[in-house]
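Written below as C-alpha cells is the structure these notes are about.
This structure is a prediction, so every number in the text was calculated from the model and none was measured. Per chain, numbering begins at 1; letters A, B, ... match sequence-line order.
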There are 2 protein chains.
Amino acid sequence: MTLIVDTTSENSASGHSESRADGNYGGGRPVAPTVSDLLAELVAEGLLSEPDSTRARLLTCAAGLFEQKGFARTTVRDIAAGVGILSGSIFHHFSSKEEILRCAMEEVTLHARALMAAAVAASDTPREQLRACIRCELEAIHGEAVPGFSILVLEWRSLSSESQARVLRLRDSYEEIWRKVFAALDGPLDDPALSRRLIQGAIAHTHNWFKPEGRALSLEKLSDRILAVFAPA
Amino acid sequence: MTLIVDTTSENSASGHSESRADGNYGGGRPVAPTVSDLLAELVAEGLLSEPDSTRARLLTCAAGLFEQKGFARTTVRDIAAGVGILSGSIFHHFSSKEEILRCAMEEVTLHARALMAAAVAASDTPREQLRACIRCELEAIHGEAVPGFSILVLEWRSLSSESQARVLRLRDSYEEIWRKVFAALDGPLDDPALSRRLIQGAIAHTHNWFKPEGRALSLEKLSDRILAVFAPA
DNA sequence: GAAGCTACCAAGCACGTGCTTGGTTCGCAA
DNA sequence: TTGCGAACCAAGCACGTGCTTGGTAGCTTC
C-alpha cells in the first residue's frame with residue numbers, strides 16, 4: 001500500500017527505526033522512505049522550505065502567531081520580530097501577508113501528511129490505521145509534531161478564494177489518506193465521506209477544550225474514545 | 001411550530017401548536033411558555049433587545065456580517081450602512097465594536113436556547129430529545145431560525161477574555177440543556193461530557209461543508225446520521 | 001577585483017479603521 | 001411654550017497597518 005507521495009527517493013539504507021510509509025515489511029523488497037526521507041524529498045522538490053532558512057523560520061513563526069492570535073491580529077511586524085528581522089524585509093521573501101498564510105498552510109499540510117502516511121504504513125489492520133490517523137491529527141493539533149497545524153481550520157476564511165483553491169489541492173492529498181483507510185475498513189461505516197467529516201469536526205474542536213497537560217484524559221485515550229465512537233469494535 | 005418571533009402576545013391563549021418548554025403535558029397543570037413567550041420574557045427582562053429597534057437591527061446585521069466576512073474584516077461602517085445610519089451613530093448604542101460582537105453572541109445564544117428548550121420539551125424519550133438537540137443546533141447553523149449563530153464558533157477568538165467569560169455564562173445555560181438530555185439517556189454513552197464535545201465539533205464543522213440546498217443529504221437525514229453515530233439504537 | 005546577487009536595513013508613505021466631538025432634529029412631558 | 005433627552009448626522013482625528021523605496025554589507029563567480 002503506497003501512499004500519496006510518489007517517491008523518487010531510491011534507497012533508505014540509513015536503516016533507523018523510523019516507521020516507513022508503505023507498510024512493506026518482510027521480504028527483500030525495497031523499503032519505503034522514512035518520515036525524514038519524505039520531508040527531505042519535499043525540500044528537494046522545492047515544496048518545503050529548507051529547514052533553518054529564514055523563510056522556514058518565518059513560516060514557522062507566522063504559523064504559531066496565527067494560531068495563537070489569529071491572522072488579522074498578527075502584524076507583519078510581529079512575525080519579523082519573531083525571527084529577528086525588520087518588517088520590510090519580510091517582503092523580500094513573500095509578496096504579501098496573505099502569501100505567508102498560504103505558504104504556512106501548505107507547509108503544515110505537507111508536514112502532517114508525511115507523518116500520517118508513515119503512521120498508517122506502520123499499522124497493520126485498517127482499524128489500526130484509522131486509529132493512527134486519528135492519533136496523528138490529534139497530535140498535529142495538540143503536540144509539537146506539526147506546529148501551527150490548527151491554522152488550517154482556524155484561519156481558513158482569512159484566505160482569498162484563489163489561495164483556498166491552491167491549499168485545497170494539497171489538502172486533498174492529505175484527505176486521500178483518510179479516504180483510503182476508510183475504504184479498507186469494512187464495517188458499519190456505510191458513508192465514509194460523512195464519517196470523515198464528522199470525525200474531522202470532532203477532532204478540530206478538541207482545539208477548544210482539550211488540554212493535554214495534567215488531565216485525566218490523555219491524548220492516547222482520547223484517540224481510542226473517538227475511534228470507539230466512529231468505528232465500534 | 002413557528003419559530004422566528006416577535007411577539008407582544010403575553011399569554012398563549014391563542015392556542016396554536018407551538019411546543020412548550022417544560023414537557024408538561026396532560027393533567028390540568030399550568031402549561032409552560034411557548035418559544036414566543038420565552039423570547040418575549042427575555043425582552044421584558046432586558047436580556048434581549050426590543051425587536052425592530054435600531055439596536056436589534058444592528059445586532060442582527062452585525063451577526064450576519066461577522067458570520068459572512070469575519071469580525072476583523074467587517075467595519076463599523078459596514079454595519080452602520082446595513083441598517084441605514086452613519087458609522088459614528090453606532091457608538092450611541094454600543095461603546096465599542098467588540099461590544100457589538102459580544103452582545104450579538106449573547107442574543108444569539110439566548111435565541112438558540114429558547115428554541116432548543118422548546119424542542120426538547122416537545123420530545124418524549126431521551127433519545128428523541130437528543131435528536132431534537134442535534135436538529136436544533138444544525139438548524140441554528142444552516143437554517144434561518146437563528147441568524148448568525150455560527151459566530152459563536154467562528155469568532156470566539158475575536159472576543160477579549162472578559163467578554164468571553166460573560167458570554168460563557170450564557171453559553172453554559174445552553175449547554176445545560178444538552179447535559180440534562182445526556183444524563184437522561186441511558187446507554188453506551190459512559191462519558192456524556194466527552195460525547196457532547198465530539199458532537200459539538202462535528203456539528204459546528206458542518207458549517208464548512210454542508211449545503212442544505214439541492215443536496216441529496218437533507219438536514220433531517222444529517223441529524224439522524226449524527227444521532228446514529230453518537231447514540232446507536 | 002569587478003560584477004552581480006541575496007538578504008537585509010532604515011525610513012516612511014498611503015490608507016483604512018475605530019472612535020470622538022460638536023451640533024441638529026424630533027418626540028414627549030410639565 | 002419650554003426644557004430635555006434620545007437618536008442621529010457631519011466631519012475628522014489618531015493611529016496601526018501592509019507595503020514601498022533606496023541603499024548597503026557580504027558572499028560568490030568569473
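Aromatic rings from Phe230(A) and Phe230(B) are positioned such that their centres are separated by under 6.0 Å.
Counting any heavy atom pair closer than 4.0 Å across all strands shown, Ser87(A) reaches a base atom. Residue contacts for Thr74(B): at a heavy-atom cut-off of 4.0 Å it reaches the sugar-phosphate backbone alone, with no base atom in range.
When rounded to the nearest whole Å, the span between CZ of Arg73(B) and C1' of dT17(D) equals 15 Å. Distance Ile100(B) CD1 to dG18(C) C1': 10 Å, rounded to the nearest Å. To the nearest angstrom, P of dT17(C) lies 16 Å from CG of Leu86(B). The distance from atom CD of Glu99(A) to atom P of dG18(D) is 15 Å, rounded to the nearest whole Å. Residue Phe91(A) contributes atom CZ, which lies 15 Å from atom C1' of dA11(C) at whole-angstrom precision. Between the NZ atom of Lys97(B) and the P atom of dG16(D) there is a distance of 16 Å, given to the nearest Å. Rounded to whole Å, atom C1' of dT17(C) lies 12 Å from atom CD1 of Ile79(B). Distance Leu58(B) CG to dA7(D) C1': 12 Å, rounded to the nearest Å.
Listed pair His92(A) / dC8(C) fails the phosphate criterion, with no side-chain N or O lying under 4.0 Å from OP1 or OP2. Dashed line: the shortest gap from a side-chain N or O of Thr75(B) to OP1 or OP2 of dG16(C) is not under 4.0 Å. In this model, the phosphate group of dC8(C) is approached by a side-chain N or O of His93(A) to a distance below 4.0 Å at OP1 or OP2. Contact annotation: Ser89(B) reaches the phosphate of dC9(D) (side-chain N/O to OP1 or OP2, under 4.0 Å).
With DNA chain C read from its 5' end, the first of the two nearest nucleotides for Thr54(A) and Glu98(B) is the one closest to Thr54(A).
Side-chain atoms of Trp209(A) and Gln200(B) form no donor-acceptor pair, as typed in the model, at a separation below 3.5 Å. A side-chain N or O of Thr206(A) and one of His142(A) form a donor-acceptor pair less than 3.5 Å apart. A donor and an acceptor atom, one from each side chain of Glu162(A) and Ser160(A), are located under 3.5 Å apart. Counted by atom type alone, Ser158(B) and Glu155(B) present one or more donor-acceptor pairs between their side chains at under 3.5 Å.
At a cut-off of 3.5 angstrom, the base of dG16(D) holds no donor-acceptor pair with the side chain of Arg77(A).
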